[in-house]
Amino acid sequence: MEKEKKTLIGMTLAELRRTAAELGMPAFTGGQMADWLYRRHATSIGEMTNISKANRARLEEEYKTGLMPPTDCQRSVDGTVKYLFPTSNGREVETVYIPDGDRATLCVSSQVGCKMHCLFCQTGRQGFEGNLTAADILNQVYALPERDTLTNIVFMGQGEPMDNLDAVLRATEILTAPYGWAWSPKRITVSSVGIRRHLKRFLDESECHVATSLHTPIPEQRAQLMPAERAFPISEVTELLRQYDFSHQRRLSFEYIVFGGVNDTEQHARQTVRLLHGLDCRINLIRFHQIPGIDLHGASEQRMEWLRDYLTAHGVFTTIRASRGQDIYAACGLLSTARQIAEERKHE
């Protein structure tokens with residue numbers, strides 16, 4: 001039986017140097033590997049031509065780059081592309097590429113499925129199937145066909161990023177480190193339902209933007225929509241956020257899916273203003289996309305515009321997020337797994 005090779009992508013510079021030393025290579029070989037992996041986007045060890053042939057052969061005995069191309073994709077009429085990527089544990093995860101004029105955003109996943117069980121989310125209904133490694137997360141970026149066009153990355157795909165925090169922090173470190181992709185952390189946004197302890201650690205250890213899932217300011221109603229409210233009350237989450245400075249480059253936003261007749265009333269608007277008072281933040285209103293078996297419906301465009309204008313007029317800058325990729329089930333809350341793609345194609 002062939003020996004399973006270890007993966008290089010997902011290693012920090014220090015770990016790559018340690019790997020080189022363990023194989024009897026000079027420490028600077030670790031820096032060369034980092035350059036080939038993260039700057040030159042090598043897909044194989046054989047491409048690392050400034051490493052000696054003997055050292056490349058030694059590396060290839062035990063390691064592989066770990067890059068895996070997508071196994072499937074679907075293209076929307078609006079240009080959005082949904083990719084299906086394999087993962088190191090033999091599962092698959094969905095990633096969405098969203099071009100928009102001179103911007104191109106990648107929505108990456110951090111888990112296969114999700115433990116949060118939000119009522120309105122297809123991923124939550126899928127259940128939890130495992131955490132992604134940092135290599136799995138980075139593979140969605142580095143193996144993306146449109147990689148070189150990207151301007152932004154959002155951790156808003158499958159899974160709760162704060163529930164897989166070690167891997168997310170490692171991935172964002174590599175994306176922003178001088179030895180890595182050297183991106184500004186201000187080009188990366190990480191979302192969360194508000195797992196308080198992990199969110200605090202993320203705020204302390206990362207400079208990336210933060211997006212918090214709000215959806216309603218009323219605790220009892222939020223608990224019905226988002227069971228995580230019972231363990232991580234939004235009132236405690238906002239109190240934690242008040243301890244950090246978002247008045248400069250780092251941005252704090254709140255995601256608010258608008259359900260017709262459910263969370264689009266004046267009471268909700270007033271309580272949202274009260275909840276977020278004093279926070280330097282913005283709200284993104286998101287259109288709801290119907291999920292089978294769930295008795296929730298999207299609000300009218302008129303109602304969404306009213307809510308946007310009310311919140312902005314009362315000091316909370318609010319925008320309506322453009323809905324993308326709905327025809328390929330790539331819009332907010334619609335990501336699941338390969339099983340859904342197979343089901344969709346049965347009916348095409």
Side-chain angles (χ1 to χ4, degrees), residues 1-73 83-95 108-115 126-145 147 157-159 161 163-175 177 179-181 337-339 341:
M1 184 175 176
E2 187 177 348
K3 179 181 176 182
E4 179 66 24
K5 294 183 179 180
K6 291 172 278 189
T7 297
L8 292 175
I9 194 170
M11 287 189 181
T12 64
L13 178 58
E15 289 167 336
L16 289 168
R17 285 173 172 162
R18 191 157 54 245
T19 295
E22 288 170 354
L23 293 175
M25 304 175 189
F28 67 77
T29 306
Q32 292 173 317
M33 285 191 280
D35 184 59
W36 282 106
L37 288 168
Y38 302 131
R39 305 294 291 276
R40 304 197 203 186
H41 309 135
T43 58
S44 70
I45 292 170
E47 294 173 48
M48 301 178 182
T49 51
N50 61 352
I51 298 175
S52 73
K53 190 173 181 180
N55 282 343
R56 275 181 277 153
R58 199 171 305 155
L59 261 177
E60 285 183 321
E61 289 177 8
E62 296 192 37
Y63 290 90
K64 58 186 177 181
T65 63
L67 287 175
M68 298 180 286
T71 57
D72 203 353
C73 76
Y83 286 102
L84 190 68
F85 278 101
T87 66
S88 54
N89 62 3
R91 294 180 171 87
E92 294 172 308
V93 71
E94 291 184 339
T95 307
V108 302
S109 295
S110 55
Q111 296 178 314
V112 183
C114 186
K115 300 176 187 175
Q126 171 187 326
F128 178 68
E129 297 184 33
N131 283 326
L132 298 188
T133 64
D136 292 328
I137 294 171
L138 291 170
N139 186 64
Q140 297 170 68
V141 180
Y142 284 97
L144 183 80
R147 174 196 62 223
Q158 291 179 242
D163 192 41
N164 187 19
L165 184 56
D166 286 341
V168 169
L169 283 172
R170 177 182 288 256
T172 55
E173 175 192 333
I174 290 168
L175 288 170
Y179 68 81
W181 211 3
T337 64
R339 290 195 296 273
I341 288 182

Legend entry - Under 3.5 Å: donor-acceptor pair, side chain of Lys6, backbone of Glu62: no
Inset, instruction - Without swapping roles, check the side chain of Thr95 against the backbone of Tyr83 for a donor-acceptor pair under 3.5 Å. - result: no
Legend entry - Heavy-atom pair of closest approach, residues Pro70 and Pro86: CA-CD, 4.4 Å
Legend entry - Separation of Thr29 OG1 from Arg56 CZ (nearest 0.5 Å): 11.5 Å
Legend entry - Tyr63 and Met33, any side-chain heavy atoms less than 4.5 Å apart: no
Inset, instruction - Please report the closest heavy-atom contact between Val168 and Pro161, naming both atoms and the distance. - result: CG2-O, 3.6 Å
Inset, instruction - Name the orientation class of the two ring planes belonging to Tyr38 and Tyr142 (parallel below 30°, tilted from 30 to 60°, perpendicular beyond 60°). - result: tilted
Legend entry - Non-hydrogen atoms of Ala42 and Glu47 that approach each other most closely: CA-OE1, 3.5 Å
Inset, instruction - Given side chain to side chain contact (heavy atoms under 4.5 Å, CB included), test Leu23 with Asn55 step by step and report yes or no. - result: CA-CA 8 Å; Leu23 293 175; Asn55 282 343; over 6 Å; no
Legend entry - Contact check, side chains of Lys64 and Leu8, non-hydrogen atoms, under 4.5 Å: no
Inset, instruction - Can you measure from CD (Glu92) to CD (Glu129) and round to the nearest 0.5 angstrom? - result: 10.0 Å
Inset, instruction - Using atom types as modelled and distance alone, determine if a side-chain donor or acceptor of Asn164 lies under 3.5 Å from a backbone N or O of Gln111. - result: no
Legend entry - From CG (Leu59) to OG (Ser44), nearest 0.5 Å: 11.5 Å
Legend entry - Any side-chain heavy-atom pair of Phe85 and Asp136 under 4.5 Å: no
Legend entry - Nearest-0.5 Å distance, CH2 of residue Trp36 to CG of residue Leu16: 15.0 Å
Inset, instruction - Salt-bridge test for Glu22 and Arg58: reply yes if a basic N is under 4.0 Å from a carboxylate O, no otherwise. - result: no
Inset, instruction - Taking all non-hydrogen atoms of both residues into account, name the closest pair between Gly30 and Ala20 and its distance. - result: N-CB, 3.9 Å
Inset, instruction - Any chance you could measure Leu37, atom CG, to Gln32, atom CD, to the nearest 0.5 Å? - result: 11.5 Å
Legend entry - Nearest atoms (heavy-atom pairs only) where Ala135 meets Thr7: CB-CG2, 4.0 Å
Legend entry - Distance in Å, Thr12 OG1 paired with Glu173 CD, rounded so as to fall on 0.5 Å steps: 6.0 Å
Inset, instruction - May I have the step-by-step check of side chain to side chain contact (heavy atoms under 4.5 Å, CB included) for Gln126 and Val112, ending in yes or no? - result: CA-CA 9 Å; Gln126 171 187 326; Val112 183; 3.8 Å; yes
Legend entry - Closest heavy-atom pair and its distance - Thr65, Thr43: OG1-O, 2.9 Å
